[in-house]
Novice: 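This is the structure I want to talk about, given as structure tokens.
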Amino acid sequence: GVGERAHMPAASVTLQTHVDDILAVVAAEEIERPILVGHSYGGLPMTGAADRLTNVAHLVYVDAVVPLPGECWSSAQPEATRTARRAAIERSGVIAAPDPAAFGLSGGDHAWVARRQTPQPGRVYDAPLEFDAARWGALPRTFVDCTRPALETIAPMRHRVRSQPGWTVHELATGHDAMVSAPEALVRILLALA
């Protein structure tokens, strides 16, 4: 979803909005060698931002979409997922937040995430991302594969990063929201890249 920006009209939020948000943070904080970390759909805007920056130190995809030029968030998802999400967007303009149980969360973690999730603006789902594949391919890239339970919609990305050159892959035996279910393990991976 859009977190603290949930008050923004969903129809005004695009993939470019999210790319611009990342670029604005890097500029405002005067980050000289950013390590960009994207989770889930966040892999798309992170890739778009990396294409516009000249000083990226590393890209980290945490159980995230790893696009090819011209792909959308929807491109590699199962047909049943695409159909359901497009129908939801047609009805309401957004994709409802999933049950955190799909990410392997229960108890207090489930309740915490459920309270904080917001719907995802629908315009980001089928928005293609164009970027320079050669420039992107020259950047250091890491994929954090969350394997227990493994989220079905990320399965094509797991295969992609293992079949493309230039990737470092770390497996975490936790669900899709590793920052909630395995924060210490995720932080160790991120600090090793700093």
Side-chain angles (χ1 to χ4, degrees), residues 1-3 15 18 35-48 50 58-68 71-89 94-120 122 124-127 129 136-137 139-193:
V2 290
L15 173 58
H18 293 148
I35 296 173
L36 301 181
V37 181
H39 170 253
S40 198
Y41 153 79
L44 272 151
M46 178 185 76
T47 301
H58 205 105
L59 297 175
V60 184
Y61 293 79
V62 179
D63 224 33
V65 176
V66 178
L68 299 175
E71 283 189 336
C72 309
W73 181 15
S74 62
S75 293
Q77 293 191 336
E79 186 57 40
T81 300
R82 285 196 298 263
T83 299
R85 288 182 173 175
R86 287 174 178 151
I89 293 164
V94 298
I95 300 168
D99 182 338
F103 308 148
L105 298 175
S106 61
D109 286 343
H110 180 284
W112 186 85
V113 169
R115 286 193 311 271
R116 285 162 174 77
Q117 290 188 122
T118 62
Q120 185 74 2
V124 304
Y125 193 59
D126 285 313
L129 179 68
W136 174 85
L139 294 171
R141 298 178 318 278
T142 295
F143 187 83
V144 179
D145 187 359
C146 300
T147 62
R148 197 176 308 157
L151 196 63
E152 177 189 6
T153 55
I154 301 297
M157 303 302 113
R158 291 183 181 94
H159 174 72
R160 182 172 285 174
V161 300
R162 286 173 171 86
S163 63
Q164 289 178 340
W167 284 96
T168 299
V169 177
H170 295 275
E171 290 188 9
L172 286 182
T174 193
H176 185 62
D177 277 359
M179 57 282 201
V180 177
S181 57
E184 297 87 2
L186 180 59
V187 166
R188 279 194 295 275
I189 291 169
L190 296 176
L191 288 176
L193 300 173

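Only this structure's heavy atoms are used, side chains among them; waters, hydrogens and symmetry mates stay out.
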Novice: Can any side-chain N or O of Thr147 pair as donor or acceptor with the backbone N or O of Leu172 at less than 3.5 Å?
Specialist: yes

Novice: Can you name the closest pair of heavy atoms from Leu15 and Ala127 and give their distance?
Specialist: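 Shortest heavy-atom separation between Leu15 and Ala127 comes out as CD2-O, 3.7 Å.
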
Novice: Could you go step by step and tell me if Phe103 and Val180 meet the side chain to side chain contact (heavy atoms under 4.5 Å, CB included) rule?
Specialist: CA-CA 10 Å; Phe103 308 148; Val180 177; over 6 Å; no

Novice: How long is the straight-line distance from CD of Gln164 back to CZ of Phe143, given to the nearest 0.5 Å?
Specialist: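 Phe143 atom CZ to Gln164 atom CD measures 11.0 Å (nearest 0.5 Å).
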
Novice: Could you check whether Arg85 and Gln77, counting side-chain N and O atoms only, form a donor-acceptor pair closer than 3.5 Å?
Specialist: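 There is such a pair (donor and acceptor under 3.5 Å, judged by atom type) between the side chains of Gln77 and Arg85.
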
Novice: Just wondering, more than 12 heavy atoms not from Arg162 lying within 6.0 Å of its CZ?
Specialist: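 Yes - once you tally the heavy atoms of other residues, nucleotides and ligands closer than 6.0 Å, there are more than 12.
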
Novice: Under a 3.5 Å distance rule, please check whether His58 uses its side chain to pair with a backbone N or O of Leu190 as donor and acceptor.
Specialist: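 Between the backbone of Leu190 and the side chain of His58 there is no qualifying donor-acceptor contact (under 3.5 Å).
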
Novice: Heavy atoms only: give me the nearest Pro183-Ser181 pair and the separation to one decimal.
Specialist: CD-C, 3.6 Å

Novice: Within 45° of the ring axis of Trp136 and under 6.0 Å from its six-membered ring centre, is that where the NZ or CZ of Arg141 lies?
Specialist: yes

Novice: Any idea how Tyr41 and His18 line up, ring-wise: parallel (<30°), tilted (30 to 60°), or perpendicular (>60°)?
Specialist: perpendicular

Novice: Of Ile154, Thr47, Val144, Val161, which meets side-chain contact (heavy atoms from CB on, under 4.5 Å) against Tyr61?
Specialist: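 Testing Tyr61 for a side-chain contact (heavy atoms from CB on, under 4.5 Å) against Ile154, Thr47, Val144, Val161 leaves exactly one candidate, Thr47.
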
Novice: How close do Arg82 and Ala76 get, heavy atom to heavy atom, and via which atoms?
Specialist: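 Smallest heavy-atom distance, with atoms named: NH1-C, 4.4 Å.
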
Novice: Take atom CD of Glu152 as the centre, draw a 6.0 Å sphere, and report whether it contains more than 12 heavy atoms from other residues, nucleotides or ligands.
Specialist: no

Novice: Between Pro98 and Gln117, what is the shortest heavy-atom contact and its length?
Specialist: O-NE2, 2.8 Å

Novice: Could you grab the distance from atom NE2 of His110 to atom CG of Asp177, nearest 0.5 Å is fine?
Specialist: 11.0 Å

Novice: With side chain to side chain donor-acceptor pair (under 3.5 Å) as the test, would you mind laying out the steps for Thr142 and His170 before giving the verdict?
Specialist: CA-CA 8 Å; Thr142 295; His170 295 275; 5.1 Å; no

Novice: Can you tell me how far apart NE2 (His39) and CE (Met46) are? Round to the nearest 0.5 Å.
Specialist: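 With rounding to 0.5 Å, NE2 (His39) is 12.0 Å from CE (Met46).
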
Novice: Output the distance between atom CG (Asp126) and atom OG (Ser74), rounded to the nearest 0.5 Å.
Specialist: 3.5 Å

Novice: Which heavy-atom pair separates Arg158 from Asp145 by the least distance, and what is that distance?
Specialist: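 In this case the closest contact between Arg158 and Asp145 is NE-OD1, 2.5 Å.
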
Novice: How close do Leu105 and Asp109 get, heavy atom to heavy atom, and via which atoms?
Specialist: CD2-CB, 4.0 Å

Novice: Is it true that a side-chain atom of Asp63 and a backbone atom of Cys146 form a donor plus acceptor pair closer than 3.5 Å?
Specialist: yes

